[in-house]
Amino acid sequence: MKISTILDQAISTAMAKAGAKEAPAVVRQASRPEFGHYQANGIMGAAKRSGSNPRELATGVVAALDLPIASSVEIAGPGFLNIHLSPAYVAEQLQRLTTDQRLGIELRQAKKILVDYSSPNLAKEMHIGHLRTTAIGDAIVRMLEFLGHDVVRTSHVGDWGAQFGSLLAYLDTLNDQDIGTELSDLEAFYRLASEKFRNDETFAARAREAVVKLQNGDKKYLSLWERFIDESIRHCETVYDALDISLAARHVRGESSYNNDLADTLAELEENGLIEESDGALCVFLDEFRGKDGKPLPAIVRKSDGGYPYMATDLAAVRYRVRELHVDSALYVVGAPQTLHFQQVFAVARKAGFIADQDFRHLPFGSILKSDGKMFKTRDGADVKLIDVADEANTRAFEVVSEKNPSLSENERRQVARVIGPGAMKYAELSKNRTTDYIFDWDTMLSFDGNTAPYLQYAYTRARGVFRRADLNAGTIQGTIILYEPAEMALGVKLLQFEEALDATLEDYQPNLLCNYLFELAGTFSTFYETCPVLKAEGELRQSRLLLCDLTARTLQTGLSLLGIKTVEQM
Ligand code: ARG
């Protein structure tokens with residue numbers, strides 16, 4: 001059981017014994033070492049509610065407390081409890097972890113959870129804006145799977161609609177072989193097609209016709225469209241490979257896959273009396289959505305030209321996810337500008353009975369900015385391609401590694417760079433609160449100091465290096481954990497808090513909380529490493545410290561892997 005849970009239960013029981021009505025304990029990890037390891041701060045509130053004196057209540061709680069895992073509990077300030085864990089208890093828990101592959105984290109009761117992430121529009125190449133949804137979504141997926149959930153990865157790509165008209169009309173002017181060549185450079189292809197669309201009236205007319213033909217199921221246009229979509233998904237896969245993202249073509253279920261469900265979806269909305277006509281369009285008006293002027297805001301489900309907008313596809317997708325996939329929960333990792341869209345989707349879907357008690361949630365995130373605080377664009381205002389950013393991460397990581405460790409062979413440095421580059425980029429993303437904008441800065445993210453991936457990866461190599469230097473196999477170390485020095489105790493407690501960190505992270509899907517934990521762990525390890533000799537220690541102490549190094553390495557490695565970040569043995 002998590003330490004915070006044990007403390008919560010014991011303190012709640014003691015509070016009830018001491019006479020507090022409704023007695024939630026509210027135990028948190030202490031923010032400073034002098035506060036002990038944990039702090040309980042629910043006593044003041046409970047005292048206020050029952051009209052008693054907080055310090056008196058606290059005294060009663062301590063007297064009634066049955067807490068063998070603590071070595072001391074002190075009352076502080078107006079009624080906080082500072083709790084110091086007993087070294088024997090911490091050592092005993094760590095001992096269990098030394099033989100536990102899962103580092104003490106038990107599998108949860110499995111739920112089926114769909115994560116909708118990455119989801120680019122295929123009429124354009126993936127750009128830097130897709131980094132956040134892709135990195136955050138992939139981390140969430142890995143954490144949920146680690147806990148034993150049945151996770152459905154889904155990329156709800158934009159693969160249908162008017163934006164494909166010019167691409168198809170352009171492909172239509174080419175012969176079979178040229179189509180292959182054109183599609184091999186998607187970037188140039190997009191540019192040529194949109195230039196033609198802007199400058200050539202006849203072409204623009206053909207582009208509009210192409211959309212209609214495609215939507216009416218014209219064989220030739222459908223097959224051109226399929227070729228284009230396949231190529232474009234292959235391109236996404238290249239980006240995922242470069243960034244070590246666990247999404248692949250088989251996880252794509254794009255907007256077009258709901259084409260045949262749209263009419264039925266609307267029919268159900270109609271049956272539920274939700275549809276109203278407005279200026280030729282079909283809309284759902286819900287009371288809770290009103291514009292600034294107080295007028296009701298429509299959710300448009302069919303446009304006046306008969307086309308189905310984004311809203312309709314998303315409603316069909318919700319219906320499919322509940323009825324066909326039977327998900328318990330669905331998480332949409334999509335930028336904050338789409339907040340209103342998802343509020344409407346989920347509200348309409350609930351009214352229509354598509355969602356009952358399933359948990360559908362939008363997980364919004366902010367934008368990526370340049371160091372001048374402006375939006376991330378190229379000099380001529382174009383989007384920065386994600387594949388270029390991934391390549392640059394590699395090049396820069398290679399330079400950093402070459403500088404730090406010139407003794408590695410070029411080949412080794414290249415391999416290390418392939419781990420460091422994407423890891424640094426993804427960690428920069430994940431370590432920030434996802435709801436705020438953040439500044440993309442190569443030097444910061446590739447630094448070996450501070451809350452960065454290279455810092456954590458380096459801490460891992462230090463913990464593993466101990467075994468390499470002594471030519472020991474970490475898996476065969478035997479011994480008893482003894483927590484003697486304060487630095488050993490601090491490291492031991494941190495190691496036990498992995499599960500608390502993971503649970504906190506998944507409460508509101510905030511990967512930055514797991515990042516903070518790993519950063520703190522690396523810090524406590526660093527203090528331990530500098531103050532407690534490992535290989536120079538003797539006998540039992542040496543074995544115990546080796547076990548602590550191994551637990552640290554495994555926790556860092558597992559934690560990073562849950563963020564989608566690999567480790568290397570040397571860097
Ligand atoms: N393709 C959309 C975009 O690029 C994101 C799709 C997100 N998922 C969803 N179910 N709407 O903005």
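As the structure is a computational prediction, the values presented were derived from the model and not from experiment. Order of listing sets the numbers, starting from 1, for every ligand and every atom in it.
- Closest heavy-atom approach to atom 9 (C) of ligand 1 within the set His156, Lys124, Met126: this belongs to His156.
- When only interatomic distances are considered, the shortest N/O to N/O separation between Ser119 and ligand 1 falls below 3.5 Å.
- Heavy-atom proximity to Gln338, at under 4.0 Å, picks out these atoms of ligand 1: 3 (C), 12 (O).
- Considering backbone and side-chain N/O atoms, His341 never comes within less than 3.5 Å of an N/O atom of ligand 1.
- Using a non-hydrogen distance threshold of 4.0 Å, Tyr117 does not register as a contact of ligand 1.
- When each of Lys220, Arg206, Lys213 is paired with Asp172, the side chain to side chain donor-acceptor pair (under 3.5 Å) condition holds for Lys220 and for no other.
- No hydrogens or angles considered: nothing links the side chains of Tyr517 and Thr505 as a donor-acceptor pair under 3.5 Å.
- Of the protein's heavy atoms, Asp116 OD1, 3.1 Å lies nearest to atom 8 (N) of ligand 1.
- Contact of the Thr265 side chain with the Val301 side chain is not registered, since no non-hydrogen atoms from C-beta on lie closer than 4.5 Å.
- On a distance-only criterion, Asp314 and ligand 1 share at least one N/O pair closer than 3.5 Å.
- Side-chain contact check for Gln338 and Tyr310: at least one donor-acceptor pair (N or O, by modelled atom type) lies under 3.5 Å.
- Ion pairing between a basic and an acidic side chain is recognised when a charged N comes within 4.0 Å of a carboxylate O; Glu268 and Lys351 show no such pairing.
- At a cut-off of 3.5 Å, with distance as the only test, no side-chain donor of Asp261 or Tyr320 sits close to an acceptor on the other residue.
- If you check the side chains of Asp116 and Ser119, you find a donor sitting under 3.5 Å from an acceptor.
- Near Phe342, meaning under 4.0 Å from any of its heavy atoms, are these atoms of ligand 1: 9 (C), 11 (N).
- Taking a cut-off of under 4.0 Å to the non-hydrogen atoms of Tyr332, the atoms of ligand 1 that pass are 10 (N).
- Against a heavy-atom cut-off of under 4.0 Å, Tyr310 is close to the following atoms of ligand 1: 2 (C), 5 (C), 6 (C), 7 (C), 9 (C), 11 (N).
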